[in-house]
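As the structure is a computational prediction, the values presented were derived from the model and not from experiment. Below, chains carry the letters A, B, ... as their sequence lines are ordered, and counting in each starts from 1.
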2 protein chains.
Amino acid sequence: MKKPNVTTLGYAILGLLHVEPRTGYALRKVFETTPMGHYSSSPGAIYPALKRLEERGLASSKIDDSTKLRPKQVYSTTRTGVDFLRYWVSQPIEKQNVVHDLGDLMLRFSFMGTLVNDRVTYRFLSQMASGINLYVGELEQMLQDMPVTVPPHGRLALQSGISTYRAQANWARQAMREFASEAERDAEK
Amino acid sequence: MKKPNVTTLGYAILGLLHVEPRTGYALRKVFETTPMGHYSSSPGAIYPALKRLEERGLASSKIDDSTKLRPKQVYSTTRTGVDFLRYWVSQPIEKQNVVHDLGDLMLRFSFMGTLVNDRVTYRFLSQMASGINLYVGELEQMLQDMPVTVPPHGRLALQSGISTYRAQANWARQAMREFASEAERDAEK
DNA sequence: CCCCCCATGTAACATGTTACATGATTGA
DNA sequence: TCAATCATGTAACATGTTACATGGGGGG
């Protein structure tokens with residue numbers, strides 16, 4: 001078994017399988033009808049991705065013949081797969097994550113519920129909030145250093161980024177409150 | 001000449017070349033040091049992308065021997081390339097854009113300054129704001145319909161999306177003010 | 001003298017996109 | 001009977017990733 005090298009789509013699938021075993025078709029439905037659709041979706045991506053997860057020992061499939069329809073291939077996570085997911089969501093947040101893929105971070109967050117305890121979730125949110133704050137500082141510096149140009153589009157685009165990040169940081173701080181109880185017991189020592 | 005089929009990275013490069021002619025190396029610097037780095041960056045992506053833009057008649061290059069350093073290959077946009085960019089940024093905003101790639105929309109916006117007039121920019125922002133509002137409505141509906149689960153992560157992730165989109169819509173409405181003058185003359189008829 | 005910056009590129013590889021192919025069942 | 005939904009897949013193709021290769025110039 002090779003060192004599992006999984007793409008974002010792979011993680012998204014694995015996370016969904018951990019919530020509940022599903023067929024490739026069911027996964028496609030999820031990607032088509034929810035905001036997760038970002039991690040597209042076409043059969044040409046899903047089915048090969050499932051095959052890879054199975055090859056790498058992170059998921060396993062069994063055939064369901066019980067319906068009159070075409071037999072389904074139902075995938076679920078393996079023990080290894082769950083451990084792998086847990087490891088993934090528990091990684092410390094790097095600056096790079098904040099800069100390039102907040103989406104990835106949110107994907108990790110949305111799967112944490114059944115994988116880690118509130119303390120880990122709390123730490124994640126806290127790291128996210130402070131990571132964003134740091135980066136917002138940098139962006140504001142860029143804004144300051146930006147020469148005043150005639151078309152204001154560049155400056156405005158930067159401001160858009162800043163306000164988006166701010167909103168995300170606010171959300172994180174709000175969300176922290178929902179996981180504070182367990183974390184506080186920890187801090188009171 | 002084939003129908004130009006350009007990726008997001010291609011558009012990002014083309015837009016930067018339109019601002020100012022550059023070498024592949026200079027482009028890499030931009031991607032490494034600004035938030036545009038999202039549209040990565042490695043030589044293995046940039047140089048082939050430049051070659052493609054040239055093949056498709058959207059950019060042209062000439063060699064700059066004037067420095068003592070290794071001769072540079074400086075790329076700039078062609079007339080066709082500029083028209084193509086303008087066409088791209090001027091497209092009406094589809095729901096799909098709002099759902100999947102706000103980032104793309106912001107890329108388009110940031111290049112509009114030297115390509116279209118304020119009226120087009122205004123229309124773009126207006127479409128963006130209302131598109132987002134519609135989608136936020138849908139997301140809120142999803143939130144309502146969501147069963148109350150023990151780990152609140154799913155619900156919170158959705159709320160994060162909602163507040164991010166709200167921030168973006170607010171930004172758009174604010175930005176509209178900067179382009180209102182020309183647009184108002186239009187509306188007063 | 002050594003390392004970093006300038007500057008361009010290629011090769012192997014994995015992944016994702018688009019389009020096609022197949023076929024049974026269910027509801028209008 | 002016709003369309004939609006369930007259900008899985010493949011083939012060709014373009015793109016991006018990682019790592020490697022090359023080499024001169026300038027500063028400490």
Side-chain angles (χ1 to χ4, degrees), chain A residues 2-14 17 21-33 36-56 58-59 61-75 96 100-101 103-104, chain B residues 2-14 17 21-33 36-56 58-59 61-75 96 100-101 103-104:
Chain A
K2 286 183 280 185
K3 203 182 287 182
N5 188 9
V6 176
T7 64
T8 307
L9 177 62
Y11 282 114
I13 290 174
L14 205 54
L17 295 182
R22 292 172 217 251
T23 66
Y25 187 76
L27 288 167
R28 289 182 61 200
K29 290 286 120 179
V30 174
F31 288 122
E32 274 166 19
T33 58
M36 291 198 48
H38 177 67
Y39 308 101
S40 149
S41 77
S42 44
I46 303 281
Y47 290 106
L50 281 168
K51 206 183 283 176
R52 281 192 307 261
L53 290 174
E54 195 168 25
E55 277 167 16
R56 290 161 201 190
L58 305 174
S61 66
K62 61 172 199 288
I63 283 147
D64 177 358
D65 255 348
S66 65
T67 59
K68 286 166 197 167
L69 285 162
R70 180 177 188 167
K72 313 173 187 190
Q73 196 157 7
V74 184
Y75 286 84
Q96 186 211 3
H100 293 305
D101 29 59
D104 257 44
Chain B
K2 287 183 280 183
K3 202 182 287 183
N5 187 8
V6 175
T7 63
T8 307
L9 177 61
Y11 282 115
I13 290 174
L14 205 55
L17 295 182
R22 294 172 216 251
T23 64
Y25 187 76
L27 287 167
R28 289 182 61 200
K29 291 286 121 179
V30 174
F31 288 122
E32 274 166 20
T33 58
M36 291 198 46
H38 177 68
Y39 309 100
S40 152
S41 78
S42 44
I46 303 280
Y47 290 107
L50 281 167
K51 206 182 285 175
R52 282 192 305 262
L53 290 173
E54 195 168 24
E55 277 167 15
R56 291 161 200 191
L58 305 174
S61 67
K62 62 174 201 286
I63 283 145
D64 177 359
D65 255 349
S66 65
T67 60
K68 286 164 196 167
L69 285 163
R70 182 178 188 167
K72 312 174 188 189
Q73 196 157 7
V74 184
Y75 286 84
Q96 185 210 4
H100 294 305
D101 30 58
D104 256 44

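Along DNA chain C, the nucleotide nearest to A:Thr8 and the one nearest to B:Gln73 differ in position, and the one closer to the 5' end is contacted by B:Gln73. Checking A:Ala49 against A:Pro43, the closest nucleotide of DNA chain C that is more toward the 5' end is the one next to A:Ala49. Nearest-nucleotide assignment on DNA chain D puts the 5′-proximal partner with A:Arg70, out of B:Gly10 and A:Arg70.
The listed nucleotides are D:dG16, D:dA7, C:dT8; the one nearest the side chain of B:Ala45 is D:dG16. Proximity note for A:Arg56 (side chain, C-beta onward) versus D:dG16, D:dT8, C:dT15: the nearest is C:dT15. Among the nucleotides C:dA7, D:dG16, C:dG9, the one closest to the side chain of B:Lys72 is C:dA7.
In this structure, NZ of A:Lys29 is placed 10 Å from C1' of D:dA4, rounded to the nearest angstrom. Taking atom NE2 of residue A:His38 and atom P of nucleotide C:dT17, one finds them 11 Å apart after rounding to whole Å. If you measure from atom OH of A:Tyr47 to atom P of D:dA7, you get 9 Å, rounded to the nearest angstrom. When rounded to the nearest whole Å, the span between CG of B:Asn5 and P of D:dA14 equals 9 Å. Between the CG atom of A:Asp65 and the P atom of D:dA7 there is a distance of 12 Å, rounded to whole Å. In this structure, CG of A:Leu27 is placed 15 Å from C1' of D:dG9, rounded to the nearest angstrom. One interatomic measurement links the two molecules: NZ of B:Lys51 to P of D:dA14, which rounds to 15 Å at whole-angstrom precision. Nucleotide C:dG16 holds its P atom 8 Å from the CD1 atom of A:Ile13, rounded to whole Å.
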